[in-house]
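A short write-up of the structure that comes next.
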Amino acid sequence: MTAKFKTNSIPNLNIEYRPLELEKEIREFWQENQIKEKLMEFKQENNNGITGWVEGPPTLNGIPHVGHARGRAMKDLRYRWKSMQGFYMPFWAGWDCQGLPVELEVEKLLGVKNKRELLERVGEERFIQECKKAIMKYQRAWVEVDRMLGVFIDQEKAYWTYLDDYIEKEWQYLKRAWDQGLLEEGYYVVAYCPGCQTSLSSAEVGYEDSYREVEDPSLYFKFKLAEDQSEYFLVWTTMPFTLITDTMLAVHPDAEYAKVSVDNEKWILVKQRVEPVMQELNIEKYEVTETVPGKSLEGKKYEYPFKDIVPKQAELDKHPLVHRVICEDFVDVNTATGVVHLAPGNGEEDFFAAQKRGVPVFAPFNDEVEFTADAGVFSDIFARDTDEMVVEELRKRGLLVEVKTVKHEYPTCWRSHHKLVWLARREYFLRTEKINEKVVQAAEKVEYFYEGPKNRFLSFLKEGKPWCISRERVWGAPLPVWKCEQCEAKTLVSSKRELIEKAIEKPQGHFELHKPWVDRVTFKCEKCGGTMRREDYVLDTWHNSGASPYARFTKEEFEKYVPTDFLTEGIDQTRGWANTLLLEHVILTGKSEAPYKAFLFQGLAQDARGRKMSKSLGNMIEANKLLQKYSADISRFYMLRKCSPVDFINFDLQELSRRPYQVLSTLYHLSRFFLQNAEFDDFDPQKYTFEWAKQLNELKNPDLWLLSKLQRTIEDYTTRLEKCEFNFALAVLEDFVIQTLSRLYVPMVRKELWTDDPETLGRRQAIYATLHHALKTATTLFNPITPYLSEALYRKVYRRLNPELPESVNFESWPNPEEKMQNKALEEDFQTILKCVSLAYSARQSAKLKRRWPLNKVVVVAPDKLCKALKDNEELLLELANVKTVEYAQTMPEYVSQKDWVSASENDFQVVLNAQRDESLLGEGLMRDLARRVQALRKELGYTPTDVLNAVHVAELEEENTKLLKPYLKEMAELVRAKKVHLHISCEQVEAEWHESQLDEKKIYVSIS
RNA sequence: GGGCCGGUAGCUCAGCUUGGCUGGAGCGUUCGGCUGAUAACCGAAAGGUCGAGAGUUCAAAUCUCUCCCGGCCCA
């Protein structure tokens, strides 16, 4: 044995795979050597193309949890993969800084209950400062997650949606809308909390626990038909006060409506509800006299009863469309009467129905939700408090049918739990419904990878609702519209410069594009000379982030990178960023084009039991905490491997540390195994190449087979990545590492490597060349998923063998499958061999013949084609099956008897093994048994695989066994890497440290030194 | 209440487009085996009313309908 066998030190490649240590080391390496920065710079200068990218900015109102981490892993996957493919991708961060979520978070921090208290106690200026402080705090948490997770996003180039430059560019979108007549003032229905005296966003309405069981009036009333004084519409509501703002009745166009005679009147309601409603109203005597389709009721005028006490309603009544019946699909014909009264000033659907038809919206409310003078006798009363008055007025007029109370689920304010009220307020809109056709067309051209999210997005877009972009809040991009106090003329500014030029008094001191600074600027009206003041709104924060493609880049960059090739965000962004990006881009460019060519909507993260992660359930897994305890590589692998990216992931920490560890650990140990052997033989990857091996004819079938499998792996993996099937992509890679490499290839060549015979050095170098290529390729393919492990192996194995390689795996190019290395026929042959071997094992097991015991003969009964595959690889077959000879046959030979042979079969494939063992086979088997025990002992006593033992002593073997063993002692010495093996009758013969061991239920003693 | 997605082994997921032979894989459990790269791996066992019901069909996890449960979004 050479001295080299004693060197087993592999610097920094620990015998155990310890990802946390390794990742820390690599993080430091990246940091010290500026790898992230170098990569970005390098690709900017040297690329084969550009793939655009805009970061979907996380809202800085909280800390990231595992769901966010998953999203970031997918983005980083894209970046590393595309970079290796030779693309330049501007992977720059971005932060969503403004809006209600941030305000609410800061209100909480300041201990303020609502907006009014906020303005009184804190004031706008200080509030803005606090908001900025808060976002900086959260941003640090996000950056830390990116750092730990190994996300190579460029934080230096991050965009911040609250900065003046950004807001100016956002204003340019509005300018485009303004010029096209798409930006308008109008009414919009918002949820309003009477307790907090503030409007709520739709997101707040949807907060968990906001739906509560409440008690409300259940009111049946009737409206008289104008054309026939004996006919009435029967209507039900739980909000009597909305009768004050009523302007329409709605029926379902396709439903059948009945005229029911009750006393001397005819009531109209949907046919299928006649019986239950009459039962509920305790009316026994009634008769359906006629049925008519809902459609036929359209346009009927009804007598609005409160014209005398609500003066504005008397005026509205003259409008040709007011107080008439309309047809709407949203009318529910399975509850109440199937006739719905509509109050566009107090309901969203009502509002849209009115807007669609040009029906005026009646919303006589002040800021405290009290009725104004327009509501006549109801003025100055809080809206909800008029319920009883309304009922009384109906009773007076003989229109009340029944009033009771009802318990039902109803949205309440998430803070104060007051019942919410919907009411129309003056707001600003983007009339996106006017460009809806273009928007939908643009969206249809986009690749979504999965049908579900695509349908969801498109069907949402087809609703084509106008977009209310104004918010009555503080911390947001200001709406740049100034309105004349006198003549109500409006003007829109689109830059800071324009604003300052127009200002009557130039701003002094600190000035930024936020409240309260912008509010102090007034203009002189060009039309009438009056004073123009800013409309006191900020923009919807979704408008803010939706402006990012134009706002975050320079003009040149925008031309180059937008539309981007690919974007990805959570499925919750269908109505959010994905939507606003699209709308704003269509407005900006006037083209039916989305700012992205492909969009992957990701599923969100849930807990191990499939429940939504929420603060109240306490099941939130914070990304920072996860990454302190668990490996980033393993987490990334787990999150991408477990399920499809569109599926909701049930995040389970126990699962995380099982299979994913095993896979990565196997890759680690394979690499270690390779390096250990390769270094021993001074393998030089630049010298011992395939070409070299091929010329010397040293590449054998197992190598060719492995290389062929590798090509298929590269191809499948890349295709799956292209299709965003990350989970399947990783299954392909996992299979290559676990099955192809670890389970099959290494055992095929292990024996050839287990020697230092100079005669076979060439063959060993050929194996190293093969392993080197396969493992290095796998390491490269893993890089987008497990950047730490890939980088570590790249440096400690491949760069160690060839210091001329680039300093980081990220500079490697993406492998391409090479057709000439593919060999389908060989792959099929190997499938046959492996099947045959597996059957042989199965047969052995049934006769309790250990695999390490050599057998004399195997007979394979199989079709010709299969036998040929075996014959071509006979040496391998014998080695793997551990038999001396093989015979092939079409039918079972006669000499095969049940007594001496064991068999296993599958379909047309039968394998029979000769179970008879002569003395020589018994001896060799015994030797292998003993060798196994010595090996176990070596490991136990801390010897490394390449250490050479001086002597191995075995004592107290039975006499017969000693005889059988004698001829194999030399072979055994080689197998266990010992200079000599000694046999003794009893332990006492030699002074040694004996270790007891079992051999077929008898005690023996082994000692090594 | 509406729309979308899902329900297959103890757990996590394939299979369903285009119906067809005993419904798969991994993890976990038990037993046995292999192994000086490995927390790998191999063999066997236990474990399934393919959410429920109905329909179409010679034949349904797969197609159709109804219902139940979970999730998401919207009311």
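Quick caveat: nothing in here was measured; it's all calculated off a predicted structure. Residue numbers start from 1 in every chain, and the chains themselves are labelled A, B, ... in the order their sequence lines are given, proteins ahead of strands. Any value given below was found using the heavy atoms of this structure, including those in side chains, with hydrogens, waters and symmetry copies removed.
Put simply, CG on A/Leu730 is 17 Å from P on B/rG26, counting in whole angstrom units. Between the CH2 atom of A/Trp853 and the P atom of B/rG33 there is a distance of 10 Å, rounded to whole Å. Computed from coordinates, the A/Ile649 CD1 to B/rC11 P distance equals 17 Å when rounded to whole Å. The separation between A/Glu349 atom CD and B/rG3 atom C1' is 13 Å, rounded to whole Å. Taking atom CG of A/Asp716 as the reference point, atom P of B/rA14 lies 18 Å away to the nearest angstrom. Residue A/Leu640 contributes atom CG, which lies 17 Å from atom C1' of B/rG26 at whole-angstrom precision. In this entry the distance linking CZ of A/Arg641 with C1' of B/rU12 reads 10 Å, nearest Å.
A donor-acceptor pair under 3.5 Å is absent between the side-chain atoms of A/Tyr630 and the main chain of A/Leu20, judged by distance alone. Side-chain atoms of A/Asn727 do not come within 3.5 Å of backbone N or O of A/Leu640 as any donor-acceptor pair. With A/Tyr638 contributing its side chain and A/Asp652 its backbone, the two residues share a donor-acceptor pair below 3.5 Å. A donor-acceptor distance shorter than 3.5 angstrom exists from the side chain of A/Ser790 to the backbone of A/Thr779, with no hydrogens or angles considered.
Salt bridge status for A/Glu752 with A/Arg764: absent, with no side-chain N to carboxylate O gap under 4.0 Å. No salt bridge links A/Lys356 with A/Glu433; every basic N to acidic carboxylate O contact stays at or beyond 4.0 Å. Salt bridge present: A/Lys419 and A/Asp216 bring a charged side-chain N and a carboxylate O closer than 4.0 Å.
Annotation: B/rC67 and B/rG7 have their C1' atoms spaced 14 Å apart (nearest Å). Comparing B/rG71 with B/rU12, their P atoms are spaced 15 Å from each other, to the whole Å. With C1' as the reference atom, B/rU29 and B/rG10 are 9 Å apart, rounded to whole Å. Rounded to the nearest Å, the gap between the P atom of B/rC72 and that of B/rC58 is 43 Å. The gap from the C1' atom of B/rC65 to that of B/rU22 amounts to 31 Å, rounded to the nearest Å. Spacing between B/rA75 and B/rC63 at atom C1', rounded to whole Å, works out to 32 Å. For the P atom pair drawn from B/rC5 and B/rC42, the interatomic distance equals 37 Å after rounding to whole Å.
Distances shorter than 4.0 Å separate none of the side-chain N or O atoms of A/Arg575 from OP1 or OP2 on B/rC73. OP1 or OP2 of B/rA37 has not a single side-chain nitrogen or oxygen of A/Gln676 nearer than 4.0 Å. Using a 4.0 Å cut-off, no side-chain N or O of A/Arg750 falls inside it from OP1 or OP2 of B/rU35.
Among the atoms of the strands shown, base atoms are found under 4.0 Å from some heavy atom of A/Arg456. Nucleic acid contact class of A/Glu734 (heavy atoms, under 4.0 Å, all strands): none. A/Asn727 comes within contact range of no nucleotide atom at all, as no heavy-atom separation falls under 4.0 Å.
Using the six-membered ring where Trp is involved, A/Tyr798 and A/His772 have ring planes that are perpendicular, over 60° apart on the 30 and 60° scheme.
Contacts with RNA chain B (heavy atom under 4.0 Å) in residues 736-748 of chain A: A/Ile738, A/Gln739, A/Ser742, A/Arg743, A/Val746, listed by number.
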